[in-house]
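Structure provided below as structure tokens; questions to follow.
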Amino acid sequence: MNEEPSDLDEILERADALEDQGAVADALRLLQRASEIYRDDPVILTRIGSLATDLGQWAEAETALLRAIEVERDFALAYSYLGLLYKAEDRREAALNMLTSATRIEESAGNLTVLGVIQLSLGMTEEAQQSFRRALVVDPNYEEALYNLATSVVVDDTSEAIALLEKAIEIDPKYSIAFRELGWAFRRKEDYTEAEYYIRRAIELDSTDGWAHIYLGNVMWALEDKQAAERSFEDAIRVWPDWSTPYWCFAHFLEYQGDNQRAEALYAKALEVDPGDAQANWRFGNYLADIGEVEKAKTYLNWAIALDPSDKRPSARLATLE
């Protein structure tokens, strides 16, 4: 049996090692025991908070992190982890407050990037882009800031997004989601050869990424290789069977192929998996309107409007049915 570590640095190193081995619960228990000796140590409290967050023990995580802040008001890491906890709980305003405090204390690339992600989720696009750009001033090679800035500017400046993503994968050649989004940026430019290359590379790096399979399906559709497109959408469902998105994406493809029977079944499956998916409700409502099932279409379009009032497409389509 391994002897229990007693020195604080040794305890933290042992906890890190356990976490690296995937034994997160064991790491948390070790730190909980250590907190009985090193009472109100902000480092231990913050590590307890981060590990408890990873394990979904959110009440314990919040208690530990709030106590760490109470003990040491300027401990930026505690604010950062509390912001991540609130983000996980979808308490976005609270997360914004915590990350704003963290960056005020320590303007690190990591803090600024997470702040930007939260700002994006609140529709604060300009502020988010400023945060990502500030992160890249602090650390020009911070690949997560490069990635997030790229995905936030891709619609307005696809060329800048491509340059940012190319730099990100140069820094980290195994950054699968950067390869995926780089492929999609090339899809926006209708450069299908580059798009297919980078998306397939993303799948090689992470075959469980449903978005990569969906992206590839769309690229194959644009290239009019319908069999390959169908295989890609099927792969997306295979790796994400509990997500509604691959079902309605495949349904949308089949709808355009005139395969209404399968399309309708997949739209229904998407809504069975997640009745609260605004996109699935909008797509299904739009499909039903197209085939003349007006009253049924209105039901799903109204649900889409209620679920996501910011998306004006369902309202516009509904107006054509009144």
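Note that the structure is a prediction, hence the values are computed from the model and not measured.
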*Work out which heavy atom in L321 is nearest to a heavy atom in A297; give both atom names and the distance.*
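For L321 versus A297, the nearest heavy atoms are CD1-CB, 4.2 Å.
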
*Report the residues that fulfil side-chain hydrogen bond (donor to acceptor under 3.5 Å, both in side chains) with R104, sequence neighbours left out, ordered by chain and then residue number.*
none

*Are any of the side-chain heavy atoms of Q57 and L28 separated by less than 4.5 Å?*
yes

*Chi angles and distances behind the side chain to side chain donor-acceptor pair (under 3.5 Å) call for E60, Q32*: CA-CA 11 Å; E60 178 171 354; Q32 288 168 332; 2.4 Å; yes

*If you look only at pairs with a residue in residues 277-322, which of them pass as a ring-ring contact (aromatic ring centres under 6.0 Å, His included), with sequence neighbours excluded?*
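Listed once each, the pairs are Y267-F284, Y267-Y287, F284-Y300.
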
*Could you check if a side-chain atom of R283 sits within less than 4.5 angstrom of a side-chain atom of R313, using non-hydrogen atoms only?*
yes

*Does K312 reach the main-chain N or O of P309 with its side chain, forming a donor-acceptor pair under 3.5 Å?*
yes

*If you group Ile, Leu, Val, Met, Phe, Trp and Tyr by side-chain heavy-atom gaps below 4.5 Å, do Y79 and I118 land in one group?*
yes

*Donor-acceptor contact below 3.5 Å, side chain T100 vs main chain L96*: yes

_Can you confirm whether more than 12 heavy atoms, excluding those of Y197, are under 6.0 Å from its OH atom?_
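Count not over threshold, so no.
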
*asked:* Taking ring-ring contact (aromatic ring centres under 6.0 Å, His included) as the definition, give me every residue that meets it alongside Y247, ordered by chain and number, with sequence neighbours left out.
replied: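 If we apply the ring-ring contact (aromatic ring centres under 6.0 Å, His included) test to Y247, skipping adjacent residues, there are no hits.
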
*asked:* With clusters defined by side-chain heavy atoms of hydrophobic residues (ILVMFWY) lying less than 4.5 Å apart, directly or transitively, does L149 cluster with I177?
replied: no

*asked:* Are the side chains of R317 and T320 in contact, using a 4.5 Å heavy-atom criterion?
replied: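 Counting from C-beta outward, T320 and R317 do come under 4.5 Å.
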
_Pairs flagged by side-chain hydrogen bond (donor to acceptor under 3.5 Å, both in side chains) wherever residues 212-222 is involved - sequence neighbours left out_ = E181-Y215

*Would you check if the side chain of E293 reaches a backbone N or O of A289 as a donor-acceptor pair within less than 3.5 Å?*
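No, the answer is negative, given that no donor and acceptor are paired below the 3.5 Å cut-off.
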
*asked:* Please check: side-chain N/O of K167 versus main-chain N/O of P140, any donor-acceptor pairing under 3.5 Å?
replied: yes

*Do L99 and Q119 come close enough that some side-chain heavy atom pair is under 4.5 Å?*
no

*Between W248 and L271, is there a shared hydrophobic cluster once you connect ILVMFWY residues whose side-chain heavy atoms come closer than 4.5 Å?*
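Yes, it is one cluster - the side chains of W248 and L271 are joined through contacts under 4.5 Å.
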
*Distance-only, no hydrogens or angles: does the N111 side chain make a donor-acceptor pair with backbone N or O of E106 under 3.5 Å?*
yes

*Could you list the residues that satisfy side-chain hydrogen bond (donor to acceptor under 3.5 Å, both in side chains) with T53, not counting sequence neighbours?*
none

*Just by distance, do the side chain of D206 and the backbone of A202 share a donor-acceptor pair under 3.5 Å?*
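Flag not set: sc D206 to bb A202 has no pair under 3.5 Å.
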
*Any side-chain heavy-atom pair from S35 and D41 closer than 4.5 angstrom?*
no

*Side-chain heavy atoms under 4.5 angstrom apart, residues restricted to Ile, Leu, Val, Met, Phe, Trp, Tyr: same cluster for Y38 and V43?*
yes

_If you define the side chain from C-beta out and look only at heavy atoms, does anything of T113 sit under 4.5 Å from S131?_
no

*Hey, does E144 have a side-chain heavy atom less than 4.5 Å from the side chain of V114?*
no

_All side-chain hydrogen bond (donor to acceptor under 3.5 Å, both in side chains) counterparts of R92, not counting sequence neighbours_ =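 Once residues adjacent in sequence are excluded, the partners of R92 under the side-chain hydrogen bond (donor to acceptor under 3.5 Å, both in side chains) criterion are D90.
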
*Please answer whether the main-chain N or O of K298 pairs with a side-chain N or O of N302 as donor and acceptor at a distance below 3.5 Å.*
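At least one qualifying donor-acceptor pair exists.
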
*Should W184 and F250 be regarded as members of a common hydrophobic cluster, given that ILVMFWY residues are connected when their side-chain heavy atoms come within less than 4.5 Å of each other, either directly or indirectly?*
yes

